[in-house]
Amino acid sequence: MRKVIPAVAVTALAALALSACSGTGSSSSSLSPAPAADEKVTLTVWSGFADRELDVVNSALDGFHKLHPNITITSEGSQDDDKIAQAVRGGTAPDVAISGNANALGQYCKTGAFQDLGGYIKRDKVDLGNIPKAVQAYTQHDGVRCAMPLLADDYGLYYNKELFAKAGITAPPKTMSELRADAEKLTELNPDGSIKVAGFVPTIGFYNNRLDVWAPQFGADWQNSKGDSALATSKGWTDLFTWQKKMTDFYGQDKLTAFTAAAGQKYSPDNAFQTGQIAMMFDGEFRTGFIDAQAPNISYGTAPLPVADDLSGSYGGSDVGGNIIGIPKGAKHAGAAWELIKYLSTDTEPLVQLANGLKNVPTTLDALKSPDLKFTGTLAPFLDIFASKHSSSLPTTSNGAAFLKTATDFAVKWQTGGASDLKAGLKDVDSQIQNDNALQQ
Amino acid sequence: MIQDTTTAAAPRLGAPLAGRPPRRRRSRAAARNRWTVLAFMSPWVVGFGVFFLYPLGATIFYSFTRYDLINDPTFVGFRNYVFLFTQDPLIWVSIRNTAYLVVAITVGRVVYGLLTALVLSKVKRGAGIYRTLFYLPALAPPVAAALAFVFLFNPGTGPVNQFLALFGIKGPLWFNDPAFSKPALTVLALWASGEIMVVLLAALLDVPTEYHEAASLDGAGALRRFWSITLPSISPVLLFAVVNSIIVGLQYFTEAVVAGAVASGSSDAVGNVASIGYPDNSTLTFPMWLYEQGFHSYNMGYASTMAIVLFLVSAVFTIILVRRMRVTGVQEEE
């Protein structure tokens, strides 16, 4: 018996381990036809929206139901990427998934978590030329289009007009030198030396001070032509980190940390820009909606983000990213799901309705030109930024946002004085990103 | 040569010579006995197999594969192990952070729990109220507790630093300073360590008072009685408290994720790139990094490798700890 038990255990372990490797299978990429007009279908749609935003999405889904009375939609909000991925892995995926995390698209396309839409696009002759190039770029990976864009975010400079007037500044800065000079003029200190009003907070990781937002403004490339990490060889990164460090040193890292620690949360009513504690910040077009709801009395303006001094010709663009919509692996009604995706991502009417309701930029050129689009006042510059030829998007990788974390970790080290050799640090970042990518192969 | 007449073949004194069952019947009875034992053990066997052996076997297998949880795993040999030990810069950071939390939380919880329990065991009036008050934090949901602590320890607006300022002390940045973020997490863990206090209190109240009375008569002081009577009496429970606290430290996850996200000002997206491990990866624990790799980076093969290493390290430390405590006199439950 003593010999039998270990033998049985080892055999069972081996059997279980072997069975584990055949637990999942690859999905077929065959196209499902659209349901016939008399065929009743119930589609499940998951999205990360909640409350007011979910109501806006649901009203667009109602529009689809009116066009296709045989297709009923069950919309479930507050479903983040973790839940979508878990459902795909568990075989309980929704028919349509809307994700706010375009950084994960490379993983979705590579793993097949989202189905390849190329066949549907070809079959239905969908004109992708109606989608701006930067948007096309972040919705496909390695030639596989596994999602369509559903509204986009771009970024601009928010500035407090009252503080500008008080400091005698008449126009928003267009270059990084101007931004720094204005930030210094706008900064006010308390009697104890702590920051009362920050002209501009340069801390990476604070609010939307993200490297993906900053990089295009310095012409910093993430990858070279071979697709390898290129931070050490792209001059823009050196310019970015040098400017960022000088701006940080103006305040002092400790003072900045104390200031940002006490500042309100990014999307709460006591956001430091909304309370007048920050005079200028980089943020997306969606901030206008938060200001309308949370701080309607603040006098502010918006403008394109400043660019590095030697890139003044490329003023007007920004990083572009946004929601993606796709058919997860295992969806039960892929044919009907594609009809809904096509409707939401290419029809002008629902796109404009969603853009107006969610205050996000619509993702087709036709919708951008629509007279029904209510992008006026402080929202208006974001349409120009979006349409700018200088706008770009993050590269999609099969490693998701891992490269962003590696670079952000270095940025934090750099700004806190933990790294002194910029060139060597950037080389290490490249090497680490390459190693991480190799693990995915 | 004198022959031993009491060989195994010889009948034992007093044993009945007649009526001994034949060999076949005996082996059948033994087999039936084995099946009966197995039947009684089956709930445990099934549970052990499904919840321990299978996951362990699968994890070992996946640790040698590239597995994204969606497609079939592909065998990659020792690649994940090589990456872990030579190429992952955050693995050692996460191990150091976890080791810090394991030591700080274990020592803190056991000492704090024991001291609190000692005080509460002496309280006569309102004992129930005090015990409830000290236990209550253990019932707080980890997310809510972490949120509350980040706001309490907010360097600019939090009451902790405002209180310190009354004495002219400039409070640290707590969750926003890599040097203080882990101590702040440790304080949070101590605040919520009521279950250890309750277990130790029960053990303390179980120590026979006669021992203390006898020792007092012999002239032993309070410290001597504590060292020579109380501690040996509660040693099995202390061992449990230590092992339990080590496990809590090794699995520290939710509080660190939430505290990092809220302190970074990006609580809209808990676990995102900007906030994981904030500040400067000082709160990145081993389980957090494992989860990030397995479920966000779709590297379940590599995450399995990390899990195996964690399992082995935990097992080794647990064995060393138990042996060491036995040697130093801490007795297991008899």
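We name chains A, B, ... by the order of the sequence lines, and we start the count at 1 in each one. Predicted, not measured: the structure shown is a model, and the values here were computed from it.
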**Q** Hey, could you give me the OG/CG distance between B:Ser297 and A:Leu439, rounded to the nearest 0.5 Å?
**A** 9.0 Å
**Q** For the residue pair B:Tyr291 / A:Asp82, report whether a side-chain donor-acceptor contact shorter than 3.5 Å exists.
**A** yes
**Q** Between A:Phe410 and chain B, which part of the residue has a heavy atom less than 4.5 Å away: side chain, backbone, both or neither?
**A** neither
**Q** Measure A:Ala104 against the heavy atoms of chain B and call it side chain, backbone, both or neither at under 4.5 Å.
**A** neither
**Q** Tell me, for B:Asn154 versus chain A, whether the close heavy atoms (under 4.5 Å) come from the side chain, the backbone, both or neither.
**A** side chain
**Q** Within the supplied structure, the quantity of interest is the number of heavy atoms (other residues, nucleotides, ligands) at a distance under 6.0 Å from B:Phe75 CZ; does it exceed 12?
**A** yes
**Q** What residue in B:Asn299, B:Thr157, B:Thr74, B:Val76 has the most heavy-atom pairs under 4.5 Å with chain A?
**A** B:Asn299
**Q** Counting only heavy atoms not in A:Gln86 (residues, nucleotides, ligands), do more than 12 fall under 6.0 Å from its CD?
**A** no
**Q** Look at atom CZ of B:Phe163 and say whether more than 12 heavy atoms of other residues, nucleotides or ligands are closer to it than 6.0 Å.
**A** no
**Q** For the NZ atom of A:Lys110 and the CG atom of B:Asn71, what is their distance to the nearest 0.5 Å?
**A** 8.5 Å
**Q** For A:Lys83, does the NZ atom sit with more than 12 other heavy atoms under 6.0 Å from it, leaving out its own atoms?
**A** yes
**Q** Using non-hydrogen atoms only, which part of A:Asp81 is less than 4.5 Å away from chain B: side chain, backbone, both, or neither?
**A** neither
**Q** Give, as side chain, backbone, both or neither, the part of B:Tyr302 having an atom under 4.5 angstrom from any heavy atom of chain A.
**A** side chain
**Q** With only heavy atoms counted, which part of B:Phe295 is less than 4.5 Å from chain A, the side chain, the backbone, both or neither?
**A** both
**Q** Give a yes or no on this: more than 12 heavy atoms of other residues, nucleotides or ligands lie within 6.0 Å of atom CG of A:Asp51.
**A** no
**Q** Would you say B:Asp280 and A:Asp409 make side-chain contact, with heavy atoms under 4.5 Å?
**A** no
**Q** Looking only at heavy atoms, which two atoms of A:Asn435 and B:Gln87 are closest? And how far apart?
**A** OD1-NE2, 3.8 Å
**Q** Can you measure from CG (A:Asn399) to NE2 (B:His296) and round to the nearest 0.5 angstrom?
**A** 13.5 Å
**Q** Looking at A:Asn208, A:Thr416, A:Leu211, A:Asp436, which one has more heavy-atom pairs under 4.5 Å with chain B than the rest?
**A** A:Asp436
**Q** Report the distance from atom CD1 of B:Ile70 to atom CD of A:Gln107, rounding to the nearest 0.5 Å.
**A** 9.0 Å
**Q** Ignoring hydrogens and geometry beyond distance, is a side-chain donor-acceptor pair present between A:Lys405 and B:Asn281 at under 3.5 Å?
**A** yes
**Q** Less than 4.5 Å to any heavy atom of chain B: does that hold for the side chain of A:Ala113, its backbone, both, or neither?
**A** both
**Q** Quick check: under 4.5 Å, non-hydrogen atoms only, which of residues 166-180 of chain B neighbour chain A?
**A** B:Leu173, B:Asn176
